[in-house]
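So the structure is just underneath, and the comments pick up after that.
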Amino acid sequence: MAQKPSIPKGTRDFSPEVMIKRNYIFDTIREVFKLYGYQPIETPAMENLSTLMGKYGEEGDRLLFKVLNSGEFLGKLNEDQKATTDANKFATFISEKGLKYDLTVPFARYVVQHQNEITFPFKRYQIQPVWRADRPQKGRYREFYQCDVDVIGSDALLNEVELVLIIDAIFRRLGIETEVKINNRKILAGIAEIIGEPDRIIDITIAIDKLDKIGLEAVNAELAEKGIQKDAIDKLQPIILLEGILKEKFPKLMEILQDSEIGMRGLEETMTIMKYLKELDLKTHWTLDLTLARGLNYYTGAIFEVKAKDAQMGSICGGGRYDDLTGIFGLPNVSGVGVSFGADRIFDVMNELDLFPESAQIGTQIMFANFGFKEAQYCLKAVTRLRQAGINAELFPDSGRMKKQMSYADSKKIRFVALVGESEMNENLITLKNMESGDQRKISIEELIKEFTY
RNA sequence: GUGAUUGUAGCUCAGCUGGUUAGAGCACUGGAUUGUGGUUCCGGGGGUCGUGGGUUCGAGUCCCAUCAUUCACCCCA
């Protein structure tokens, strides 16, 4: 027996039925992006590892797929290199490219490389797959599509507001009820400063990010385990537990953070964004969530995360502001902000909640049965006319068994089958069969086109 | 990287405390019906039971190893 074929862990094939639904998501997202004035770009699947490494935190580096060098790379190694037992270090000798991990870092690289061609602020969108060497599980894949929108070269907080508008517009169109959590890395930095652990922002935020998942005690235990001083943890408690509506939260936070310059700036930014949002007619709910941290290292200002309300799924969209990303590549003082929509998770949510509209799933609308050479010649002209009128039409390629042709139409869920034999040709009519009701009648091509196009 | 779970037909699975020739549904295919599908009826093909070893008179079933899957943790879209 032939070897059973398979595909790598965490990757998937997409059947036509699935692709139609996926394209519905991509089309919707792309349409909204364009509506807000964003322009498309693409970047390679592979980047130089030097571009990717160190941008996503320790965990991110571990999850990068590395591409083996071509050629006899082993022969080029010296004895010391060959003797390396540390796999990560050894990898740097035999691999200098990696599959991209997200779209933001390649975008920053793109901006730096093309800075002379770009007019700032640059609003771009990018819909491409990314790869992560994670253990797959529900809603987590090793190859998945991100749909990024970013504005780079503008500090204005209006950009953050626009991103929330885009989030609202997209999920409104897709019919997903969402909740947008907003926070600010500067607030988190301020909190870390106030409690006397300014260098531990990441550990602190990652721990409190788990609050609603594992509870307060477990969070405190994790903080202690990470080496955060006890009095610092104690100071953190009132902040973590800060509840209530925004109007109450902000004054309290201002009091807590008053001695932290960065914290106060974060608060001001967040308040400005929310003053804008308050006046807008948004369907999505949005909140200030101090426990929102986001693991990616490069965020410096506002951070966002979107969750679907009615589904058990991780975040379906996330992002934030990054001030220094282009600086790493040699173009300082260019701040960017953007969010990324996780198409695969959005698909899973929509599938679970059965949100794909029937109208988005139209394939072939009418199929012409094939009775032989002369009939096919005649039908070929007819399908051409239908196609010119924008109707999805096909002619069955093989003449012969009607059963086979009808089952084909049936399995493709084609609603109408046109039967044109000798008598129809003589009358210049076609027999149109409705596959749902089983009814059939004779009509002219002109009438047919009219009916399909209204 | 950690902890569980499951591997039997193309797919979803059944197969009892080990016992003759390993089953079902779906899918595919042929016919009933050579200008009519989806429903019905009859027939057909398709399996090294994930892989390797062990226990046994005998292993799909028990044991060990290994690979793969799914789920959770870490982290994330």
Side-chain angles (χ1 to χ4, degrees), chain A residues 1-10 15 25 29 56-64 87-88 101-104 127-148 202-203 205-207 209-210 213-214 218 222 225-226 292-297 304-308 312-319 338-349 367-372 375 396 399-425 430-440:
Chain A
M1 195 176 79
Q3 181 199 349
K4 236 187 187 179
S6 64
I7 54 175
K9 194 204 301 236
S15 63
I25 294 174
I29 290 174
Y56 307 108
E58 226 174 284
E59 182 76 2
D61 283 353
R62 200 166 65 79
L63 299 180
L64 278 170
N88 279 328
Y101 179 91
D102 75 350
L103 302 180
T104 309
I127 298 176
Q128 286 190 269
V130 301
W131 294 268
R132 295 182 188 178
D134 222 344
R135 281 262 175 107
Q137 51 184 285
K138 191 185 177 197
R140 171 175 303 182
Y141 308 98
R142 290 185 139 184
E143 178 185 63
F144 61 96
Y145 274 73
Q146 292 196 326
C147 312
D148 273 39
I202 302 223
D203 284 337
T205 53
I206 285 176
D209 188 43
K210 294 173 195 159
K213 207 169 179 180
I214 61 177
E222 184 169 327
E225 196 197 324
K226 296 267 166 151
L292 172 63
R294 299 199 53 78
L296 295 177
N297 273 355
F304 306 96
E305 191 164 292
V306 184
K307 289 207 154 194
Q312 198 69 27
M313 178 65 69
S315 59
I316 54 176
C317 176
V339 291
S340 179
F341 293 78
D344 304 79
R345 285 187 176 178
I346 292 172
F347 178 92
D348 289 345
V349 167
M367 184 196 90
F368 280 69
N370 187 330
F371 287 93
E375 291 87 345
F396 197 81
S399 64
R401 303 206 354 270
M402 213 26 58
K403 186 187 170 86
K404 165 94 182 154
Q405 302 196 25
M406 297 301 275
S407 333
Y408 171 85
D410 192 57
S411 74
K412 262 185 101 170
K413 295 195 170 67
I414 299 172
R415 194 168 303 199
F416 293 96
V417 170
L419 300 153
V420 185
E422 210 166 328
S423 61
E424 284 91 348
M425 281 169 69
I430 67 171
T431 296
L432 183 69
K433 180 181 172 98
N434 181 325
M435 294 294 277
E436 267 170 28
S437 62
D439 298 341
Q440 57 187 66

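Just so we're on the same page: letters track the sequence lines, and every chain starts at 1.
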Please classify the nucleic acid contact of K210(A) as base, sugar-phosphate, or nothing, using heavy-atom distances under 4.0 Å.
sugar-phosphate

Return the nearest nucleotide to the side chain of F371(A); candidates are rG35(B), rA77(B), rG37(B).
rG35(B)

Whole-Å distance, R140(A) CZ to rC76(B) C1', equals 5 Å

In whole Å, measure the gap between the P atoms of rC11(B) and rC74(B) for me.
33 Å

Identify each atom pair where a protein N or O and an N or O of nucleotides 26-29 of chain B are less than 3.5 Å apart, giving names and distance.
none

Using the P atom as the point on both nucleotides, what is the distance between rC64(B) and rA4(B), in whole Å?
14 Å

Once you apply a heavy-atom cut-off of 4.0 Å, does G60(A) come out as touching a base, just sugar-phosphate, or nothing?
nothing

When you compare rG50(B) with rG60(B), how far apart are their P atoms, in angstrom units rounded to a whole number?
10 Å

Nucleotide paired to rG43(B) in any strand shown, Watson-Crick or G-U, under 3.5 Å:
rU29(B)

Base partner of rA14(B), which must satisfy Watson-Crick or wobble distances under 3.5 Å
none

Using atom C1' of each nucleotide, how far apart are rU29(B) and rG19(B) to the nearest Å?
36 Å

Grab the CD-P distance between E225(A) and rC74(B) for me, whole Å please.
12 Å

For the pair made of CG in D134(A) and P in rU2(B), what is the distance, rounded to whole Å?
15 Å

Please tell me which of the listed nucleotides, rA77(B), rG35(B), rU36(B), lies nearest to the side chain of Q440(A)?
rU36(B)

Atom P, compared across rA59(B) and rU55(B): separation rounded to whole Å:
11 Å

For rG10(B) and rU48(B), measure between their P atoms and round to the nearest Å.
8 Å

For Y101(A), does its backbone N or O pair with a side-chain atom of R132(A) as donor and acceptor, under 3.5 Å?
yes

Expressed as a whole number of angstroms, how long is the span from Q137(A):CD to rC74(B):P?
10 Å

Suppose you measure atom C1' in rU8(B) against the same atom in rG15(B); what distance do you get, rounded to whole Å?
9 Å

Within the structure shown, what part of the strands sits under 4.0 Å from C147(A) by heavy-atom distance: base, sugar-phosphate, or nothing?
nothing

Sub-3.5 Å donor-acceptor pair from the side chain of N370(A) to the main-chain atoms of F396(A), do we have one?
yes

With rounding to the nearest 0.5 angstrom, report the OG1 to OH distance, T104(A) to Y56(A).
7.0 Å

Distance col, row M367(A):CE vs K433(A):NZ, nearest 0.5 angstrom, shows 11.5 Å

Applying the 3.5 Å cut-off to both distances, the Watson-Crick or G-U partner of rA72(B) turns out to be rU2(B)

State whether the aromatic ring of F341(A) stacks on the base of rA77(B), taking stacking to mean ring centres under 5.5 Å apart and ring planes under 30° to each other.
no

For G314(A), which contact category applies under a 4.0 Å heavy-atom criterion: base, sugar-phosphate, or nothing?
nothing

Show your working on side chain to side chain donor-acceptor pair (under 3.5 Å) between T431(A) and Q440(A) and close with a plain yes or no.
CA-CA 7 Å; T431(A) 296; Q440(A) 57 187 66; 5.4 Å; no

Tell me: CG of D61(A) to C1' of rC75(B), nearest whole Å?
13 Å

So CE of M406(A) and CZ of R401(A): to nearest 0.5 Å the spacing works out to 13.0 Å

For I316(A), does its backbone N or O pair with a side-chain atom of R345(A) as donor and acceptor, under 3.5 Å?
no

Mind checking if G400(A) touches a base, just sugar-phosphate, or nothing, with heavy atoms under 4.0 Å?
nothing

Out of rU36(B), rU69(B), rA77(B), whichever nucleotide has its closest atom nearest the side chain of Q146(A):
rA77(B)

R135(A) CZ to rU2(B) P, straight-line distance once rounded to whole Å
7 Å

Side-chain donor/acceptor contact of Q405(A) with base of rU36(B) under 3.5 Å:
no

Specify the residue among P8(A) and I316(A) whose closest nucleotide of RNA chain B lies further upstream toward the 5′ end.
P8(A)

Any donor-acceptor pair, under 3.5 Å, between the side chain of D410(A) and the base of rG38(B), if you only look at N and O atoms?
no

Go through the N and O atoms of the side chain of E424(A) and the base of rG35(B), and report whether any donor-acceptor pair is under 3.5 Å.
yes

K138(A) NZ to rA72(B) P, straight-line distance once rounded to whole Å
7 Å

Polar pair under 3.5 Å, donor/acceptor by atom type, side chain K433(A), base rU36(B)
yes

Distance criterion of 3.5 Å, no angle test: do you see the side chain of R401(A) paired donor-to-acceptor with the base of rU36(B)?
no

Using a heavy-atom cut-off of 4.0 Å across all strands, would you classify Y141(A) as base, sugar-phosphate, or nothing?
base

Can you tell me if Q405(A) uses its side chain to pair, donor with acceptor, with the backbone of S399(A) under 3.5 Å?
no

In whole Å, measure the gap between the C1' atoms of rG47(B) and rG23(B) for me.
11 Å

Is the number of heavy atoms from other residues, nucleotides or ligands within 6.0 Å of NZ (K412(A)) greater than 12?
yes

Base, sugar-phosphate, or nothing: which does T104(A) touch, judged by heavy atoms less than 4.0 Å apart?
nothing

Would you say that more than 12 heavy atoms from the other residues, nucleotides or ligands in this model lie under 6.0 Å from the CD of E422(A), or not?
no

Between P on rC75(B) and OH on Y56(A), what's the gap in Å once rounded to a whole number?
19 Å

Base-pairing assignment for rA65(B) (Watson-Crick or G-U wobble, both under 3.5 Å)
rU51(B)

